[in-house]
Amino acid sequence: MPLRLVQVNFKARDDAALGRFWAEALGWGVSSEGPGVTNVEPVGFAWPDPTAVCVDVVTVPDPETVRYRVHLDLATTSAAHQTELVARLKELGATPADVGQGEVPWTVLADPEGNLFCVLEPREVYRDTGPIAAVVVHCADPRAMARFWGEAVDWTVHEVTDDHARLRSAKGVGPYLEFLRATPGVATAWTRVHLDVLPHPGDDQAAEVARLRALGATLADVGQGDVPWIVLADPEGNEFCVLGPS
């Protein structure tokens with residue numbers, strides 16, 4: 001059975017501080033499963049649930065500073081809400097970022113550790129997603145990524161073009177997973193932010209890994225050592241983790 005996309009994982013110098021930022025940004029709460037890990041999720045949330053893709057922040061000794069292939073888009077409900085949210089995020093420690101976006105209706109910011117994200121202008125497609133409108137991945141081939149991830153997780157492909165692909169939970173709730181064609185020649189790396197997927201109850205982790213490898217995923221060694229999750233890379237080399245059964 002396809003896996004569940006349950007969280008976005010951020011590597012950080014200070015998980016608690018970055019976790020607090022994202023909790024304030026999203027209006028969510030924080031918890032911890034152990035030292036060096038901060039979980040950010042809606043208050044009263046029963047994990048996992050497709051109504052939200054949560055944020056996990058994990059401290060690592062020296063997270064690289066790179067141009068990221070993945071970022072979050074935040075939803076707003078009005079022009080006034082967008083203006084107010086941008087101002088509040090700056091007060092929390094976000095800074096304006098210039099990635100060559102030019103004159104656009106959304107605002108590009110960086111969180112306190114330099115992770116880029118966008119505060120979108122109001123869009124009807126995101127009116128019911130919650131605070132995270134989309135998890136966005138820049139890639140070379142959105143069509144191929146939509147094929148792989150549409151098979152990998154229990155999400156429905158809503159739109160596919162040569163430049164953009166959009167998936168969402170089959171239950172029609174929560175944020176979208178989107179793939180955007182990257183600008184040719186732009187060097188990107190996905191080392192600080194990755195996706196975590198989870199087998200359904202009763203499904204076998206090893207069998208799911210074998211299924212993903214048959215779809216084109218490969219085993220990845222990021223120095224994880226002996227851990228209960230398995231690190232893979234999708235067909236474009238983006239690492240993701242298959243968690244142990246919940």
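Since we're looking at a predicted model, the values are computed, not measured.
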Checklist entry - Taking atom OG1 of T77 and atom CZ of R127, what is their separation to the nearest 0.5 Å? => result 12.5 Å

Item to check | Whether Q205 side chain and V242 backbone form a donor-acceptor pair below 3.5 Å | outcome: yes

Checklist entry - Hey, which of V197, V153, L243, V53 is the one that makes side chain to side chain contact (heavy atoms under 4.5 Å, CB included) with V6? => result L243

Checklist entry - Is R13 reaching over with its side chain to a backbone N or O of T59, donor-acceptor style, under 3.5 angstrom? => result no

Next on the checklist: What I want to find out is whether D154 reaches R4 closely enough, with some N-O distance under 4.0 Å, to be called a salt bridge.
Outcome noted: no

Next on the checklist: To the closest 0.5 Å, what do you measure between CG (L177) and CG (L195)?
Outcome noted: 6.5 Å

Next on the checklist: E41 vs V55, test: side-chain contact (heavy atoms from CB on, under 4.5 Å). Steps then yes/no.
Outcome noted: CA-CA 7 Å; E41 57 189 34; V55 175; over 6 Å; no

Item to check | Sequence-distant partners of F148, ring-ring contact (aromatic ring centres under 6.0 Å, His included), two or more places apart | outcome: none

Next on the checklist: As a quick check of understanding, evaluate side-chain contact (heavy atoms from CB on, under 4.5 Å) for L26 and I132, giving each step before the final call.
Outcome noted: CA-CA 8 Å; L26 302 172; I132 299 176; 3.7 Å; yes

Checklist entry - Can you name the one residue among V157, V137, D234 that meets side chain to side chain contact (heavy atoms under 4.5 Å, CB included) with W149? => result D234

Checklist entry - Do the two ring centres, one from W22 and one from F117, sit under 6.0 Å apart? => result yes

Checklist entry - Should V231 and H194 count as side-chain neighbours, where that means a heavy-atom distance under 4.5 Å? => result no

Next on the checklist: Which heavy atom of P199 sits nearest to which heavy atom of G244, and what is that distance?
Outcome noted: CD-O, 4.2 Å

Next on the checklist: Once ring-ring contact (aromatic ring centres under 6.0 Å, His included) is applied, do any residues pair with W155, and if so which ones, sequence neighbours excluded?
Outcome noted: none

Checklist entry - Do V57 and V30 have side chains that get closer than 4.5 Å, going by heavy atoms? => result no

Item to check | Side-chain ion pair, E113 and K11, N-O less than 4.0 Å | outcome: no

Checklist outcome for this item: The side-chain contact (heavy atoms from CB on, under 4.5 Å) partners of V43 (sequence neighbours excluded) come to none

Item to check | A25 versus R88, closest heavy-atom pair with distance | outcome: O-NH2, 3.5 Å

Checklist entry - Quick one: OG1 on T38 to CG on L18, what's the gap to the nearest 0.5 Å? => result 8.5 Å

Checklist entry - At their closest point, which heavy atom of E151 faces which heavy atom of L215, and how far apart are they? => result CB-CD1, 3.6 Å

Item to check | Chi angles and distances behind the side-chain contact (heavy atoms from CB on, under 4.5 Å) call for I230, L219 | outcome: CA-CA 8 Å; I230 298 173; L219 292 173; 4.1 Å; yes

Checklist outcome for this item: Between A170 and T156 the two heavy atoms that sit nearest each other are CA-OG1, 3.5 Å

Checklist entry - Does L120 offer a backbone N or O that forms a donor-acceptor pair with the side chain of T76 under 3.5 Å? => result yes

Checklist entry - Side chains of D56 and N9: is there a donor and an acceptor less than 3.5 Å apart? => result no

Next on the checklist: Minimum heavy-atom separation for C139 and R69, please, with both atom names.
Outcome noted: CA-NH2, 3.2 Å

Checklist outcome for this item: The reported gap from CG in D196 to CD in E239 (rounded to nearest 0.5 angstrom) is 12.0 Å

Item to check | Counterpart residues, side-chain contact (heavy atoms from CB on, under 4.5 Å), relative to T51 (two or more places apart) | outcome: F45, D49, V173

Checklist entry - Would you say M145 and L180 are hydrophobically clustered, going by side-chain heavy atoms of ILVMFWY under 4.5 Å? => result no

Item to check | side chain to side chain donor-acceptor pair (under 3.5 Å) involving R123 - partner list, sequence neighbours excluded | outcome: E121

Item to check | Where W47 and L198 come nearest, the two heavy atoms and their spacing | outcome: CH2-CD2, 3.7 Å

Next on the checklist: Do W106 and Y126 sit in one hydrophobic cluster, given that two such residues count as connected whenever their side-chain heavy atoms are within less than 4.5 Å of each other, even indirectly?
Outcome noted: yes

Next on the checklist: Could you list the cluster mates of V58? Members are the ILVMFWY residues connected by side-chain heavy atoms closer than 4.5 Å, either directly or through other members.
Outcome noted: V37

Item to check | CG on L109 to NE2 on H71, rounded to 0.5 Å | outcome: 11.0 Å

Checklist entry - Q7 side chain to V40 main-chain N or O, any donor-acceptor pair under 3.5 Å? => result no

Next on the checklist: Is there a path of hydrophobic side-chain contacts, each under 4.5 Å between heavy atoms, that joins L5 and V8?
Outcome noted: yes

Next on the checklist: For A17, give me all partners under side-chain contact (heavy atoms from CB on, under 4.5 Å), at least two apart in sequence or on another chain.
Outcome noted: D14, R20

Item to check | Residue pairs fulfilling salt bridge (Lys or Arg N to Asp or Glu O under 4.0 Å) with at least one residue in residues 197-213, sequence neighbours excluded | outcome: E208-R211

Next on the checklist: Checking E178 now: which residues fulfil salt bridge (Lys or Arg N to Asp or Glu O under 4.0 Å) with it, not counting sequence neighbours?
Outcome noted: R166

Item to check | hydrophobic_cluster_shared for W28 and L89, side chain cutoff 4.5 Å | outcome: yes

Checklist outcome for this item: Of L72, V70, V60, the one forming a side chain to side chain contact (heavy atoms under 4.5 Å, CB included) with F10 is L72

Checklist outcome for this item: For A165, the side-chain contact (heavy atoms from CB on, under 4.5 Å) test, sequence neighbours excluded, returns P142, A146, V160, F179

Can I get a per-line list of side-chain donor-acceptor pairs under 3.5 Å for residues 90-102, giving both atom names and the distance, sequence neighbours left out?
residue	atom	partner	partner atom	Å
D98	OD1	G100	N	2.8
Q101	OE1	V99	N	2.7
Q101	NE2	A97	O	3.0

Next on the checklist: Working to the nearest 0.5 angstrom, can you tell me the gap between S32 OG and D15 CG?
Outcome noted: 6.5 Å

Next on the checklist: Is there a path of hydrophobic side-chain contacts, each under 4.5 Å between heavy atoms, that joins V136 and L85?
Outcome noted: no

Next on the checklist: Can you list everything that forms a ring-ring contact (aromatic ring centres under 6.0 Å, His included) with H158? Sequence neighbours excluded, please.
Outcome noted: Y176

Item to check | Any N115 side-chain heavy atom under 4.5 Å of F21 side chain | outcome: no

